[in-house]
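Have a look at the structure below before the remarks.
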Amino acid sequence: MLDINIIREKPEWVKEQVARRFDNAPIDEIVAGDARRREILQEVEELRRQRNETSKEIGVAMGALKKREADLKRAEAGQDGGQPLDVLRAEVAAMTASAEAAKDKPREIGERIAQLDEELREVEETLHANMLWVPNIPDPSTPVGPDESFNLIHEPQGAPIPQFDFEPKPHWDLGPELGILDFERGVKLSGSRFYILRGAGARLQHAVIQFMLDMHVQKHGYEEIYPPFIVRSENFVTAGQLPKFYDNIYRDAEEDFMLLGTAEIALTNMHRDELMEEADLPIKYVAYTPCFRREKMSAGKDVRGIKRGHQFDKVEMYRYTTPETSFAALEEMKQEAIDICEALGFPYRVLELATGDISYASVKTYDIEVWAAGCGEWLEVSSASNCTDFQARRANARYRPAEGSKTRFCHTLNASGLALPRVMIAIMENNQQEDGSIVVPEVLRPYMGGREVIR
RNA sequence: GGAGGGAUGGCCGAGUGGACGAAGGCGAUGGUCUUGAAAACCAUUGUGGGUUUAGGCUCACCGAGGGUUCGAAUCCCUCUCCCUCCGCCA
């Protein structure tokens, strides 16, 4: 969500920014809706003020009336108030009549308020719906271009591209041959694009998860979070997945539950509607979760192997920062993802995503790709984004600055650290030997009972 | 799943449909006092929207959303969450 004030004050500039993303968010409608909203608001609030005023007067009159009625009652019971009964009766009758008459005006005002409220509700609903479709403003450093072909690709780093004196196999051959990957039975359970890791394969993935969590917790200073994997749809709106990606989410048919597509959704909502102190920031979370994505994947693309499925595991880093520190945090998080690649001995490269390729909530995104020797591809293992205050505004996650009292929205960032299937592919394919066995990266051996080779 | 009880400011906790943005307490901040501190005393102490050159004015918010009413923290309905009891269950 953008700040409505920016759109109100600089609509043309916002339109340019949206155009840089090759998006077509309805800025003109928003400007018109916002103006109409304030128009109605002023009118309706003036009416409310009038009604409050007269209601208070009625309140005072009713109070006096009640007293008089009490006097009358006492007098009728013979407890004598010193006034003749008929005078009292007439007075009470007159006061009742005038109080009743006084109700006409506020009642009339109330009807007009109800009308205006209805219109206001409609205007705000439309305005809000339109606002949800406006993407974040890209950072000036983000390369401009409509799609991934405009991404800025940096030189490969890390380990050299492995060379073999035999023909390296893709993981979809290596895995089944070693008995650590079972495609047939995965399909038997859940259909195409599902697989079963077994034996050393399951152990290996577990080892990678534990290794990554340990590094992020112990070296990078994150707090580990284990969130629910199914959450209410409002969490998806906050994180920016909804309304845009409704079709890609696995949903519960009976209740308002959705399966996480990424831990980012849960982590974005942890501090929803919270007011934090500046001293609390930065908050750094790391979470391991499975991720579920109902992707309408084209037949024939990425079908082989475990590169892309409807369920995969991921370790995700997440930060809440001040606005001043979010870009430095983005660089750190990119480096933290790289640290994992380095430790696992991967050749990797960094990409700066183009405006047309970064996610909706992001102003700047780095992708990290590792080389997989068997299928001969660079595979995306991490995506690190600065979402500035976009998600925080939707989440209403604010903090109180140490200096000055005006509350501000936090900035939020996310970075995979890393996505498991592609890491598994790289380990299997890059570390394979001629006999089809796989050398376990050294840093993982302590997590696998010292095992050095899977054969 | 069934039956009850609850949700009020940073926290605790009052609140017969009319003066309630909300008593009281705690906490926090500023001040008086003090060599300093504590105590005591005094004062201040929510968020968001609209409007305004400014000071200000105004509207909304008592779990959420509807309703009744001239007027709702208070009455009615729906929902969410928490607690107690019963049932079911890895």
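Quick note on labels: first sequence line is chain A, next is B, and so on, each numbered from 1.
Spacing between rA22(B) and rG46(B) at atom C1', rounded to whole Å, works out to 12 Å.
Across every strand in view, rC57(B) sits in a pair with rG50(B) that passes the Watson-Crick or G-U test at under 3.5 angstrom. Remark: rA73(B) base-pairs with no nucleotide in the shown strands. Criterion, Watson-Crick or G-U wobble with two distances under 3.5 Å. Of all nucleotides present, only rA3(B) satisfies the Watson-Crick or G-U wobble test against rU84(B), with each distance under 3.5 Å. Under the Watson-Crick and G-U wobble criteria, each requiring two contacts below 3.5 Å, nucleotide rU45(B) is paired to rG27(B). In this structure rU16(B) sits in no base pair that meets the Watson-Crick or G-U test at under 3.5 Å.
Taking the six-membered ring where tryptophan is involved, the planes of His220(A) and Tyr222(A) are perpendicular, since the angle between them exceeds 60° and thus also 30°.
The listed nucleotides are rA19(B), rC70(B), rU51(B); the one nearest the side chain of Arg38(A) is rU51(B). Comparing rG48(B), rG50(B), rG21(B) by their nearest atom to the side chain of Thr407(A) picks out rG48(B). Listed candidates were rG49(B), rU47(B), rC70(B). Nearest to the side chain of Leu41(A) is rG49(B).
At whole-Å resolution of the value, CE in Met276(A) and P in rG10(B) are 15 Å apart. Atom-to-atom, CD1 of Ile109(A) to P of rU69(B) comes out at 16 Å; the value is rounded to the nearest Å. For the pair Arg393(A) CZ and rG48(B) C1', the interatomic distance rounds to 14 Å; values are reported in whole Å. Taking atom CG of residue Leu120(A) and atom C1' of nucleotide rG50(B), one finds them 11 Å apart after rounding to whole Å. Separating the CD1 atom of Ile113(A) from the C1' atom of rU69(B) is a distance of 13 Å, rounded to the nearest angstrom. Rounded to an integer number of Å, the gap from CD of Glu111(A) to C1' of rG71(B) is 15 Å. Note: NZ (Lys56(A)) to P (rC70(B)) measures 19 Å, nearest angstrom.
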Next on the checklist: One pair to check against side chain to side chain donor-acceptor pair (under 3.5 Å): Tyr246(A) and Arg251(A). What are the steps and the verdict?
Outcome noted: CA-CA 9 Å; Tyr246(A) 182 78; Arg251(A) 313 181 286 270; 3.2 Å; yes

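The side chain of Arg398(A) contributes an N or O atom lying less than 4.0 Å from OP1 or OP2 of rG48(B).
Looking at heavy-atom distances under 4.0 Å, Arg8(A) makes contact with sugar-phosphate atoms alone, never a base.
Annotation: Tyr285(A) is in aromatic contact with His271(A) [ring centroid separation under 6.0 Å].
Side-chain contact of Asp367(A) with Ser382(A): a donor-acceptor pair under 3.5 Å is absent, judged by distance alone. At a cut-off of 3.5 Å, with distance as the only test, no side-chain donor of Gln391(A) or Arg394(A) sits close to an acceptor on the other residue. In this structure, a donor-acceptor pair under 3.5 Å is present between the side chains of Thr322(A) and Thr325(A).
Using a 4.0 Å cut-off between a side-chain N of Lys or Arg and a carboxylate O of Asp or Glu, Glu125(A) and Arg121(A) qualify as a salt bridge.
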Polar atoms only, N or O, under 3.5 Å: list the protein pairs with nucleotides 54-59 of chain B and their distances.
unit_1  : atom_1 : unit_2   : atom_2 : d
rC59(B) : OP1    : Asn52(A) : ND2    : 3.3

What nitrogen or oxygen pairs link the protein and nucleotides 78-83 of chain B at under 3.5 Å?
unit_1  : atom_1 : unit_2    : atom_2 : d
rU80(B) : O3'    : Arg232(A) : NH2    : 2.9
rC81(B) : OP1    : Arg232(A) : NH2    : 2.8

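Among the candidates Glu336(A), Glu332(A), Glu331(A), the single residue satisfying the salt bridge (charged side-chain N to carboxylate O under 4.0 Å, His left out) test with Lys334(A) is Glu331(A).
What you find for Phe312(A) and Gly261(A) is that their closest heavy atoms are CZ-O, 4.5 Å.
Between Val208(A) and Ile427(A), some side-chain heavy-atom pair lies under the 4.5 Å cut-off.
Between Gln42(A) and Val60(A), the residue anchored nearer the 5' end of RNA chain B, judged by the nucleotide with its closest heavy atom, is Val60(A).
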